[in-house]
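Every chain is numbered from 1 and lettered A, B, ... according to where its sequence line falls, protein lines coming before strand lines. Computed from a predicted structure; not experimentally measured.
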Amino acid sequence: MGSIIINDKNSKRVATRVAYGNALADLGGKYNFFVMDADLSGSTQTAIFGKKYPERFVNCGIAEGNMMSVAAGIAASGVPVFASSFAMFACGRAFEQIRNSIAYPGLNVKICATHAGVTVGEDGATHQFCEDIALMRAVPNMTVINPADATEAALAVEAILQHYGPVYMRLGRFAVPVVFDKDNYKFEVGKGVVLADGGDVAIFASGIMNAAALEARETLAAEGIDAAVINIHTIKPIDKEIIIKYAEKTKRIVTAEEHTVIGGLGSAVADVTSEHCPTRMARVGVEDEFGLSGKAAELLDYFCLNAAGIVAKVKSLM
Amino acid sequence: MEREKLLCLDEAAAKIRCLSLEAVFNAESGHPGGSLSIAEIIAYLYFERMNVDPSNPEMPDRDRFVLSKGHTCPALYAALAMRGFFPEEEIKTVRRLGSRLQGHPDMHKVPGVDMSTGSLGHGISAACGMAVKAKRSCDRYKVFAIIGDGETQEGQVWEAAMFAAHYKLNNLITFLDFNHLQIDGDVREVMNPTPLDEKFAAFGWYVQNIDGHSIEEIDSAVKNADKSDKPSVIICTTVKGKGVSYMENNADWHGKAPNKDDHEVAFLELKAAHERAREACKNG
């Protein structure tokens with residue numbers, strides 16, 4: 001079997017939302033499910049499914065709260081539903097509908113929220129939601145998935161369809177490097193993936209920060225620091241085993257996420273280590289502040305959500 | 001509808017009131033006012049109209065019911081118990097730790113409950129989801145829902161209203177329990193939602209105004225709704241706390257349980273009404 005990682009600096013860039021939209025359309029013939037949107041089907045890419053399977057596509061208009069409860073009603077009638085909007089409105093505005101209509105009854109609704117994080121770009125703070133994982137992680141019955149790239153997003157769509165119950169999946173607007181080779185990569189809900197082994201520090205990355213973590217690993221290696229990189233695509237239920245294993249092995253942890261440092265991956269990892277194996281750690285993420293307008297790539301640098309940001313945090317622990 | 005049937009549905013409604021009171025009294029909390037106001041609607045649905053099977057509560061082609069005003073579940077629990085979905089004795093456990101009869105209905109705990117509700121505005125949307133699924137899948141079941149008048153202050157109700165009309169959900173029949181009161185007082189003083197009929201009509205619904213305590217009017221309104229090509233709302237003028245003299249039209253009884261002395265009065269009034277209804281049903 002070949003490497004799971006595409007070692008090509010010039011590998012193509014694809015937004016995870018695009019992989020999501022294509023996967024829905026591809027899977028529509030194999031499985032029976034509904035897809036819903038709230039007037040953003042072009043942006044969330046659910047329109048591809050909508051054109052192919054109009055009888056199973058329901059546009060709710062700009063009414064996210066209603067969409068989530070309608071999705072619950074469809075799911076309660078026996079058919080899984082993918083419900084999409086921007087993260088800010090899907091799980092920000094409609095939090096209470098998700099909590100009470102979907103999660104409490106444990107209904108089979110997959111909330112696939114695009115345009116998460118600061119890489120929304122020019123739209124600015126009102127649309128850059130960096131608190132979604134914190135919110136969704138706190139809700140009982142909810143599974144939370146944050147794919148790293150197009151390969152993982154596509155595989156995750158089918159995996160969550162086969163996983164009964166409420167799921168929140170976080171997707172991005174920005175075209176990001178395709179990190180994983182679709183012919184070799186395996187995706188399993190709840191299982192962390194070791195992308196590179198190492199003994200000095202463990203970098204737990206989620207979502208698009210995986211590419212930055214791999215880049216940081218190379219920089220660190222050149223300076224004699226041997227970093228492991230572990231992809232935590234499922235924030236809940238989190239893979240405790242892999243976290244404990246690498247915490248005990250490396251004694252130092254850095255987490256990296258395009259999300260507030262409050263309540264996201266960093267907090268989830270600290271939840272595990274503080275109870276099982278207290279470990280020194282540093283977190284890369286958005287530091288309790290709102291986003292702002294700019295180009296996505298500029299914003300990642302502005303918030304130090306990049307390889308240099310990870311390298312700096314690793315060095316702070318050495 | 002034949003007179004005998006009407007009278008026996010009145011009896012079912014009277015018994016729903018008795019059991020609702022028992023639920024709230026034993027729980028020492030809950031919502032008696034709005035449970036008592038929907039007794040006829042619930043009786044009509046569960047004893048006349050809906051295709052449901054207590055021995056097969058998950059029957060795929062069953063009619064669906066969503067109590068969007070989930071806090072008035074004592075009336076729903078009463079009907080489900082009377083239909084045999086679970087033992088009537090269990091009504092005394094409502095809201096108790098360990099009981100499956102939660103303070104707001106839980107679709108996984110209680111056989112016969114089609115949707116977990118409790119947060120106002122959600123249920124009507126969920127009912128739309130069931131209806132749109134049926135339309136798209138050519139399922140024949142109908143979806144019934146009850147919303148409150150105060151509940152229409154939630155914006156989500158109007159999002160759902162727009163949705164139902166847009167997708168021509170004429171398989172959705174919604175009862176609006178217009179009992180005129182919410183926790184803080186008269187709905188028109190707290191936040192006036194009227195004219196409700198004109199609003200629903202403007203949203204594209206088929207609207208009927210009826211006396212919500214008249215089985216005969218409920219029956220003919222539902223039969224009219226069956227013929228509509230639009231989603232239906234049946235605005236039911238009702239009396240909050242109906243059947244208990246001191247609770248009637250009194251917002252104080254929206255969400256509190258009677259004490260022992262108050263309960264005795266209510267119990268005797270509802271029991272007497274039930275006995276009269278039983279006699280009438282028996283004698284045709």
Side-chain angles (χ1 to χ4, degrees), chain A residues 28 31-39 49-50 53-83 85 89 93-111 139-141 164-166, chain B residues 58-66 68 70 102-110 113-143 145 147 154-167 169 171-172:
Chain A
Y31 301 97
N32 182 25
F33 58 85
F34 274 57
V35 175
M36 301 189 72
D37 208 296
D39 191 44
F49 178 93
Y53 301 105
E55 73 286 356
R56 285 186 277 144
F57 181 74
V58 182
N59 198 328
C60 275
I62 310 165
E64 297 79 11
N66 182 54
M67 174 171 75
M68 292 307 170
S69 299
V70 170
I74 295 173
S77 309
V79 184
V81 185
F82 286 85
S85 179
F89 313 118
R93 189 185 190 100
F95 173 81
E96 199 260 345
Q97 283 82 3
I98 292 174
R99 196 260 188 197
N100 279 323
S101 280
I102 295 172
Y104 172 51
L107 290 168
N108 204 8
V109 178
K110 317 304 177 188
I111 301 135
V139 177
N141 279 348
Y164 189 90
Chain B
E58 303 285 318
M59 182 171 71
D61 61 345
R62 72 190 185 280
D63 289 324
R64 265 57 168 190
F65 174 67
V66 180
S68 199
Q102 297 289 296
H104 294 83
D106 182 319
M107 63 188 283
H108 294 304
K109 289 193 166 75
V110 189
V113 171
D114 292 315
M115 184 65 206
S116 301
T117 53
S119 179
L120 295 176
H122 292 205
I124 180 74
S125 298
C128 285
M130 295 171 180
V132 79
K133 191 270 172 187
K135 283 255 157 197
R136 299 287 183 92
S137 315
C138 298
D139 297 332
R140 293 291 178 82
Y141 64 79
K142 284 232 173 183
V143 184
I147 60 173
E154 285 283 5
Q156 186 171 351
V157 169
W158 303 103
E159 294 182 1
M162 211 184 302
F163 181 95
H166 182 83
Y167 287 111
L169 303 181
N171 54 347
L172 170 65

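- With a 4.5 Å cut-off on non-hydrogen atoms, B:Met130 touches chain A through its backbone and its side chain both.
- Chain A forms more heavy-atom pairs under 4.5 Å with one residue of B:Thr117, B:Asp106, B:Val132, B:Val143 than with any other, namely B:Asp106.
- Chosen from B:Gly121, B:Ala134, B:Pro60, B:Ser116, the residue pairing most often with chain A at heavy-atom distances under 4.5 Å is B:Ser116.
- Smallest separation of non-hydrogen atoms from A:Asn100 and B:Ser119: ND2-CB, 3.7 Å.
- Heavy atoms of A:Arg99 lying under 4.5 Å from chain B are absent altogether.
- Taking each heavy atom of B:Ser125 and A:Asn66 in turn, the nearest pair found is OG-OD1, 2.6 Å.
- Every side chain to side chain donor-acceptor pair (under 3.5 Å) that B:Arg62 has, sequence neighbours left out, goes to B:Asp114.
- B:Arg136 places a side-chain N or O within 3.5 Å of a backbone atom of A:Phe57 that can act as its donor or acceptor partner.
- Comparing A:Asn59, A:Val81, A:Ile62 by how many heavy-atom pairs each has under 4.5 Å with chain B, the most go to A:Asn59.
- Contacts with chain B were tallied for A:Gly65, A:Cys60, A:Ser101; A:Ser101 has the most, counting heavy-atom pairs under 4.5 Å.
- In terms of heavy-atom pairs under 4.5 angstrom with chain A, the leader among B:Arg64, B:Lys135, B:Met162, B:Met115 is B:Met115.
- With a 4.5 Å cut-off on non-hydrogen atoms, B:Ala127 does not touch chain A at all.
- The OG atom of B:Ser137 lies 9.5 Å from the CZ atom of A:Arg56; values are rounded to the nearest 0.5 Å.
- A:Gln97 places a side-chain heavy atom less than 4.5 Å from the side chain of B:His122.
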